[in-house]
Every structure is written in C-alpha cells, then in structure tokens.
There are 2 protein chains.
Amino acid sequence: MLMKIFDLSSRELNLLIYFAQLRANEKEISITTSQIADFFKTSQQTASRCLIRLSKELGLVSWRSTRKGSFVQLNPLGLDILHQLRFELERALYPDLNIITIHGSVFSGLGEGKYYISRSSYMDSFVKKLGFKPFHGTLNLRIPPVDVDRLDLIRGSWPVIIPGFEEGGRQYGDVLCYEVKIPSLTARVAAIVPRRSHYGSNVLELISDVNLREALNLEDGSELTINYLLNQTSEYDK
Amino acid sequence: MLMKIFDLSSRELNLLIYFAQLRANEKEISITTSQIADFFKTSQQTASRCLIRLSKELGLVSWRSTRKGSFVQLNPLGLDILHQLRFELERALYPDLNIITIHGSVFSGLGEGKYYISRSSYMDSFVKKLGFKPFHGTLNLRIPPVDVDRLDLIRGSWPVIIPGFEEGGRQYGDVLCYEVKIPSLTARVAAIVPRRSHYGSNVLELISDVNLREALNLEDGSELTINYLLNQTSEYDK
DNA sequence: ATTACTACAAGACGAGTAA
DNA sequence: TTTACTCGTCTTGTAGTAA
C-alpha cells in the first residue's frame with residue numbers, strides 16, 4: 001500500500017532521508033543503532049524501535065540485524081515517501097509552478113501495456129476512477145534525460161490508484177495513473193507508471209479515450225508534449 | 001536562532017509545508033484550527049496547540065487568533081526550515097550531486113559589506129570559524145535567474161554562523177557564510193548571505209583571505225564561477 | 001461559529017539489562 | 001561490542017467545555 005508522509009514521525013522521515021543520503025536505495029548499507037542514535041541525538045533504544053517500525057510495521061526499509069550491527073536498504077516504498085515529500089516541498093517553495101511540461105518521443109513497445117490495461121478488472125477501475133473508458137492500447141513515450149527530473153516530480157504526486165487483482169493464479173499489481181493534458185487535444189489522457197516507484201526511469205505509457213496515434217497522426221519517433229496540472233483537485237487528502 | 005529540521009515534529013513540518021503551499025510566506029492567510037485539523041486528520045485542539053508552538057515557542061510563523069478564526073504568515077525562519085528540508089532531500093534523492101556551480105557577474109556595491117565585515121567582533125569570529133582572516137572588503141556578485149535556484153539550495157545547507165553583537169547601541173545580526181571554491185584559485189573563499197533567509201535574492205558577497213579583485217583581475221561586469229562542495233564535513237550535525 | 005483551557009488517556013522515550 | 005526487551009516516566013493527543 002502507498003503510504004503518506006503524514007503517517008510518519010519526524011524521526012522516521014529524517015531517518016529515511018539519512019539512509020538515502022548514504023545511498024541505501026542502491027545497496028544495503030551497514031549501520032548500528034548507536035550511530036543512528038548519535039546522529040539524531042536520541043537513545044539507542046529509540047533508534048532501534050524506529051528501525052523496527054520502519055521495516056516491520058511500515059515496510060519502508062529492508063533490514064536485518066545481527067549481534068554485530070544492522071544492515072539496511074531502502075525499498076521502493078521508502079523512496080516513494082521521499083519523492084512525495086519532494087513534490088509537496090516543491091509546491092510549497094514554488095507555488096507559482098502550476099504546470100509541469102515534459103516532452104517525449106513515441107516508440108513501439110511489445111504490446112504489454114495493451115494486454116494489461118485490457119483486463120476487465122482494470123478497465124472497470126479506469127472508468128470508475130478516471131471517468132473514461134480507455135482505448136484498448138497504450139502509447140509509449142521515451143522521456144529525454146533533461147525531463148526525467150520533472151517526470152519524477154509527477155511521480156511524487158499522489159496518483160489515481162487502479163487497484164491490482166488476481167486472475168487465473170496470476171497477480172496484477174496496482175497501476176498508478178496521473179491525469180495529463182496534451183496541448184490542443186480535448187481528449188482525456190492519463191499517464192501510467194506500470195510498476196510502483198520506478199523513479200529515474202525514462203518511459204511512460206499514455207492511455208486515452210481516443211486512439212492517440214490516429215488522433216495526433218503519430219508514428220515512431222514523433223515528438224509529443226504533455227502537461228501535468230499541479231493544482232487540480234488532488235486525491236492527496238483522501 | 002537558526003533551527004534544525006530535527007527539532008520539529010512531523011506535524012509541525014507538514015503544517016509549514018501546508019502554509020507555504022497556501023502562499024503564507026507572501027501574505028497573511030486566513031485559516032481556522034478546524035480546517036487544519038481536518039487536513040491532518042487530527043483534533044482541533046491538537047491543531048491549535050501546534051499553531052501555538054510554531055508561533056510562540058519556535059517563532060516560525062506569525063499568528064494572531066480571533067474568535068472568528070486565525071491569521072497566519074510564515075516568517076523567514078519558517079521558510080528557512082523548508083529550504084533546509086529541500087537541501088537534505090536533494091542530497092538524499094541525488095547523492096551523486098557533489099558540487100553546486102553558480103555563475104555571477106561582479107558589480108560594485110555601496111561599500112556596506114566592507115564596513116560590516118571589518119567590525120572587529122565579526123573579524124575575530126571569521127578567523128575562529130572559517131580559519132582565515134578576510135581581506136577588508138567584499139566582492140559583490142549578481143547571480144543570473146537560472147542559477148538562483150541553486151543559490152537557494154546552498155542557502156538551505158547549514159551555514160557557518162558568525163554571531164551578531166551589539167556595539168554602540170547598534171545591533172549587528174548573525175552573518176551566515178558558506179565556504180566555496182573558485183576554480184584555479186587556491187585562496188580560501190566564503191559566500192556571505194548578510195541577512196537571514198533572503199531566499200530568491202540574486203546577490204552574493206564573497207570574502208577571501210586575498211583581494212579577489214586583484215588576484216583574479218576582475219572589474220565590474222566580469223563573470224565569475226564559484227563551486228560549493230556538498231559533502232564537505234558539515235556543521236549540520238553539530 | 002471560533003480558540004484554547006483542563007483533565008485524562010494514549011503513546012513515546014530512555015535507563016537498565018538480557019542475549 | 002551489538003540488538004531489543006521491560007518498565008517507569010514524561011510527553012503528546014483528545015474529549016469536554018468555557019469564553
């Protein structure tokens with residue numbers, strides 16, 4: 001489950017930041033509870049308890065402890081919290097930023113997106129949560145490096161969550177959507193991040209109530225601009 | 001006094017973010033404690049106490065309450081907290097960012113900086129805290145808009161604090177310094193932000209143990225590049 | 001409506017300590 | 001050395017309510 005920054009104490013939040021600064025999102029790092037306690041000027045017991053809660057209760061870090069020390073790694077949900085915080089902070093410090101524009105170039109995927117979104121359980125949720133029935137296909141966009149930072153900012157915002165399900169013994173995960181606009185197109189469009197917390201990735205899938213390839217006369221390599229509005233009534237506070 | 005993000009509870013931090021998103025750093029906003037309580041899914045009483053602590057105890061917001069509601073404005077120290085958080089978060093999410101480069105163009109000030117830094121009490125602190133005796137003058141730099149964002153990032157880091165004092169019935173405030181490097185110059189250099197929390201401002205004063213104008217052969221309008229190293233042993237945890 | 005007090009409940013913290 | 005338990009204390013949140 002996606003978690004919100006409100007649900008964390010200041011110390012837990014700061015601990016996630018501390019771990020990320022030590023590159024604990026890339027690899028497991030070695031640390032002791034006393035080191036953490038020293039850094040936060042608190043007791044070793046509190047540091048230990050904090051670590052237990054972050055891993056067992058909240059699932060934000062992977063963690064194993066031995067008699068000689070602890071080993072910690074941020075997991076995707078933990079990184080997600082930090083990106084949420086970044087998003088809220090950017091909105092706080094730059095309230096004039098109302099729109100995030102990113103560019104992408106169209107490319108053909110393996111048709112996986114098409115297969116996934118056409119599962120009826122997903123389809124029903126799309127209609128219910130986004131208010132439109134997607135065309136049975138997705139448009140893949142590759143985002144240039146210079147725009148990935150802004151894409152991560154979008155990922156840090158609270159998504160429309162299309163819940164996962166199980167079908168035929170197979171697990172289908174939650175799908176995270178962000179409603180976007182394509183300039184001079186009235187159609188409803190949403191960007192899909194198929195797997196949770198793929199920060200730094202440079203691909204995006206678009207769904208729409210129309211066939212975007214036809215409507216915009218796109219082919220592989222075509223450039224496309226999408227806009228994300230920051231101050232739309234968000235599901236953040238629900 | 002400058003405050004650290006560790007000293008705030010999660011709710012206080014989130015409340016500052018919330019206020020800033022409502023543009024409470026520019027102008028006083030009208031809000032009720034029940035609205036805050038709803039937003040954070042807590043009680044009206046807790047919201048009230050939180051507000052009291054943020055204003056009376058911590059001095060991070062200006063606040064007046066009436067029988068009909070409250071009026072809140074972020075003060076510079078509150079904004080400062082958010083920039084500190086942004087700095088730590090950027091270091092967390094982009095740990096490869098080790099150096100911040102900003103450009104500036106030299107201009108002549110009114111000689112105020114020279115007057116200020118040559119107060120003996122400041123001078124003594126410079127030697128003690130920075131480890132060098134500044135040349136009796138400052139170099140003014142004007143930062144182009146595109147680099148102001150990075151300048152704010154530097155301002156969000158924990159500064160070397162040169163304490164203020166009183167002399168002849170006049171108050172001299174704390175001076176905040178950030179040690180920087182000028183490429184291909186071995187001299188010690190520090191950037192000064194004369195007044196606290198001037199986020200968004202586009203000027204900077206440099207002090208150094210040498211006369212920078214002479215050493216670099218600078219005149220008004222000359223371009224200068226300065227580097228700020230992120231992972232220098234920081235005073236952050238002191 | 002509001003804000004914010006008091007009183008009590010729930011939760012967090014740290015000292016001591018076992019493993 | 002570690003981690004992490006128990007337990008007493010202190011802090012923080014909420015309900016009721018006054019202004």
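Residue numbers begin at 1 in each chain, while the letters A, B, ... track the order of the sequences.
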Are any of A/S70's side-chain N or O atoms less than 4.0 Å away from OP1 or OP2 of D/dT3? yes

Restricting to side chain to side chain donor-acceptor pair (under 3.5 Å), what partner residues turn up for B/T101, sequence neighbours left out? B/N227

Determine the contact category for B/S9: base if any of its heavy atoms lies under 4.0 Å from a base atom, sugar-phosphate if only primed atoms, P, OP1 or OP2 are that close, otherwise nothing. nothing

Check the distance between C/dA4's P and B/L54's CG and give it to me in whole angstrom. 13 Å

Sequence neighbours excluded, which residues qualify as salt bridge (charged side-chain N to carboxylate O under 4.0 Å, His left out) partners of B/D7? none

May I ask you to say what A/S48 touches in the nucleic acid, namely base, sugar-phosphate or nothing, with a heavy-atom cut-off under 4.0 Å? base

Just need the stems in DNA chain C: three or more back-to-back Watson-Crick or G-U pairs, each with both distances under 3.5 angstrom, sorted by first number. C:2-19 with D:2-19

Is A/T33 close enough to D/dT3 that one of its side-chain N or O atoms is under 4.0 Å from OP1 or OP2 there? yes

Looking at side-chain heavy atoms only, is the closest gap between A/L151 and A/R155 below 4.5 Å? yes

Rounded to whole Å, NZ of A/K68 lies from P of D/dT2 at a distance of 10 Å

A/R53 and A/S9 side chains, donor-acceptor separation under 3.5 Å: no

When rounded to the nearest 0.5 angstrom, what is the spacing between CG in B/D152 and CZ in B/F87? 12.5 Å

Less than 6.0 Å separating the ring centroids of A/F39 and B/F6? yes

side-chain N/O A/T32 vs D/dT1 OP1/OP2, d < 4.0 Å: no

Kindly give the heavy-atom pair with the smallest separation between B/Y228 and B/V180, and that separation in Å. CD1-CG1, 4.1 Å

Gap between atoms CZ and C1', on B/F71 and C/dT2 respectively (whole Å): 11 Å

Could you go through nucleotides 11-13 of chain C and list every protein N or O atom that sits under 3.5 Å from one of its N or O atoms, giving the distance for each pair?
| unit_1 | atom_1 | unit_2 | atom_2 | d |
| --- | --- | --- | --- | --- |
| C/dC13 | OP1 | A/R11 | NH1 | 3.2 |

Whole angstroms only, please: what is the NZ-P distance between B/K41 and D/dG13? 17 Å

Output a table of nitrogen or oxygen pairs between the protein and nucleotides 17-19 of chain D separated by less than 3.5 Å.
none

Under a 3.5 Å threshold, yes or no: a donor from one side chain and an acceptor from the other, between A/R11 and A/T46? no

Sub-3.5 Å donor-acceptor pair from the side chain of A/N98 to the main-chain atoms of A/L230, do we have one? no

Partners of B/S208 by side chain to side chain donor-acceptor pair (under 3.5 Å), sequence neighbours excluded? none

Is B/E167 paired with B/R170 through a side-chain N to carboxylate O contact shorter than 4.0 Å? no

